Structure formats: structure tokens, C-alpha cells
Amino acid sequence: MKNILAIFALGLVCWAACTNKTQSMGDQNTPPPSFGTPEEAVQQAKKDLLEVLRTSPGIDLGVDAATAEQSEPGKPIPHFDVDFNRLMDADSAATLDQLRGPAGTTLAPLVVGDKIAVMVEVVKGDKGWQVAGIGNKEISEGLNAVAEATGAGRGNIQVMNVPNLNATIYAVTTPDGAVSYHTDYAGKFDLRKGVDGRTLTAVLREDARAFFKEYGDLLKKQELVK
């Protein structure tokens, strides 16, 4: 589920980009610009974010202009959804890595030192990379907390979302190649403490089945937002 702040901020970024390009009324319906690499898209997102923060200082996007100015693009972080139907049907040996769906947006953080200042989401389109969102404070804070608790570099962390359950999971690959999962889902786990994959999958599977039992008809009719 996309963070509301990220969606709102994306609208502001698009406004800034249109302002910078002094678009006429006739071409304001053109698609957002595309870039050859995700890094280029992130750099443009930073410029547009700074424009918004400087011209609208009363808007809270989770980062101030001074911090945004200091930030630099960090290493992209894999991000994908867990397949909800496969989760419901999973056996006791399944882990979330085995239940992943198609890759979603790429998380491309702007970092200051070893901390994420603000998150940019980019997506690969037919014409290149585009900015899909900016300002997902929940994921930024979650990644910072997990990295601090585990000592893992962000290159060793993946982010997973479980549709319908509003669950965000951080999968940390340890030096020996094992994976630990971190989440504060529904207050059932401690974000800073890892849980093994089978235990986490079992909890999510039962909640997914309960959700489907109550809302399955709406899901089938696509009348429920995931």
C-alpha cells in the first residue's frame, strides 16, 4: 500500500518539474520525463524536491531543505510484493522469498552519511526510468532502524510488501548467506529483532486466509483496494 505522503509528494514534484520547464497549458498532459538510468531519475527528483521545499517551506515532506541538499543517491534497494494467493496456499516450509510476485518499483534512497534522508521510488518504463514516488517516511525509518539493529548495509536488505495485510517486511541477508526477516507487522513482532522465515510466513498465511474469508468476494470483484 503506497504511503500517502509519497503520493502527495509526487504530485508536488511533478508540479515543480512542470514549473521548471514552464510548460504551456497545451502540453501539461504529457507523461513525466524519462531517464536513461535510475540514478539520473533520482537526481532529478532531488532537484524537484528542493524546489518544493524552498518555495513551500510550510509543507512537511519528512525532510528539510538543508538535509535534502546534503543528500546523495544511495544504492537502489530491491522491492517487491508477496503474491497474496500463493501466500494463502503456502505450506509450512515456505518462506517469503519463495512467494514473491513481480518486482515492483525500485527504492532509490537519498542518503546523508549512513542514514536515509528521503526515499525516492523509480520505475522502469518503455522509454526509461521515471520517478514514481518520493517521501515514503515509513520505509525510510524502517530501513534505518533495521540497518542500525543488524549492522547490515542497505545492499543486503530487501523490502517486501504483503498486499491487503499492510505488512512491510525487511529481509536481511547475513554474512553467512542466511536471511532474517524484520517487521513490526500488527504489533506481533519487534522490527529490530529478526524472525525466521517459516514463523513469519505462518503468521501472515493465517491472517491472509482470515482476510480473504471476510473480504474475498470484494477482492474477486476488484472492489477492495489492496
Side-chain angles (χ1 to χ4, degrees), residues 1-6 9 42 60-64 67-68 70-84 87 90 92-101 103-121 133-208 210-211 226:
M1 183 177 294
K2 190 167 289 291
N3 182 284
I4 294 175
L5 177 58
V42 173
D60 181 12
L61 298 181
V63 63
D64 58 77
T67 301
Q70 296 175 38
S71 67
E72 296 292 340
K75 186 174 182 178
I77 299 167
H79 178 218
F80 60 88
D81 282 346
V82 172
D83 187 301
F84 190 76
L87 174 63
S92 60
T95 62
L96 295 180
D97 276 329
Q98 299 167 336
L99 302 175
R100 68 171 66 192
T105 57
T106 296
L107 300 177
L110 287 167
V111 302
V112 176
D114 60 353
K115 298 289 186 181
I116 296 173
V118 63
M119 185 64 70
V120 177
E121 295 179 51
I134 188 169
N136 198 322
K137 187 176 180 181
E138 178 186 357
I139 286 183
S140 296
E141 291 181 345
L143 283 165
N144 284 335
V146 170
E148 180 180 350
T150 63
R154 283 183 294 273
N156 294 320
I157 304 176
Q158 298 183 71
V159 180
M160 310 177 188
N161 292 104
V162 182
N164 304 315
L165 298 186
N166 195 26
T168 302
I169 297 103
Y170 305 89
V172 179
T173 302
T174 61
D176 61 1
V179 179
S180 65
Y181 298 89
H182 296 254
T183 184
D184 56 3
Y185 165 65
K188 298 179 179 182
F189 302 96
D190 185 338
L191 180 65
R192 301 178 67 88
K193 296 180 180 179
V195 59
D196 69 272
R198 292 182 180 181
T199 298
L200 177 58
T201 299
V203 171
L204 294 171
R205 180 184 62 217
E206 293 311 306
D207 286 358
F211 183 95
K226 294 185 179 183

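Position 1 is the first residue of the sequence; numbering continues from there. Remember, it's a predicted structure, so these values are computed and weren't measured experimentally.
Side-chain contact between Leu204 and Leu96 is present, with at least one heavy-atom pair separated by less than 4.5 Å. Looking at heavy atoms from C-beta onward, Lys137 lies out of side-chain contact with Val63 at the 4.5 angstrom threshold. By the 4.5 Å heavy-atom criterion applied to side chains, Thr201 and Gln98 are not counted as neighbours. Annotation: side chain of Val179 is not in contact with side chain of Gln158 (no heavy-atom distance under 4.5 Å). Side-chain contact check for Thr95 versus Tyr181: some heavy-atom pair is nearer than 4.5 Å. Counting heavy atoms from C-beta on, the side chains of Tyr185 and Val162 never come closer than 4.5 Å.
Side chains of Thr174 and Asp176: a donor-acceptor N/O pair is present below 3.5 angstrom, by distance only. Neither side chain, Asp184 nor Tyr170, offers a donor N or O lying under 3.5 Å from an acceptor on the other.
The two residues Pro163 and Asn161 make their nearest non-hydrogen contact at CD-O, 3.5 Å. Across all non-hydrogen atoms, the minimal contact from Ala149 to Arg192 is CB-O, 3.6 Å.
More than 12 heavy-atom neighbours from other residues, nucleotides or ligands sit within 6.0 angstrom of CZ on Arg100.
His182 places a side-chain N or O within donor-acceptor distance of the main-chain N or O of Leu191, the cut-off being under 3.5 Å. Checked by atom type and distance alone, the side chain of Asn156 never pairs as donor or acceptor with a backbone atom of Thr173 at under 3.5 Å.
None of Asp81, Asp97, Thr183 except one satisfies the side-chain contact (heavy atoms from CB on, under 4.5 Å) rule with Met160; the exception is Asp97.
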Could you please spell out the steps behind the side chain to side chain contact (heavy atoms under 4.5 Å, CB included) verdict for Val111 and Arg154? CA-CA 11 Å; Val111 302; Arg154 283 183 294 273; 3.4 Å; yes

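Annotation: side chain to side chain donor-acceptor pair (under 3.5 Å) contacts of Gln70 (sequence neighbours excluded): none.
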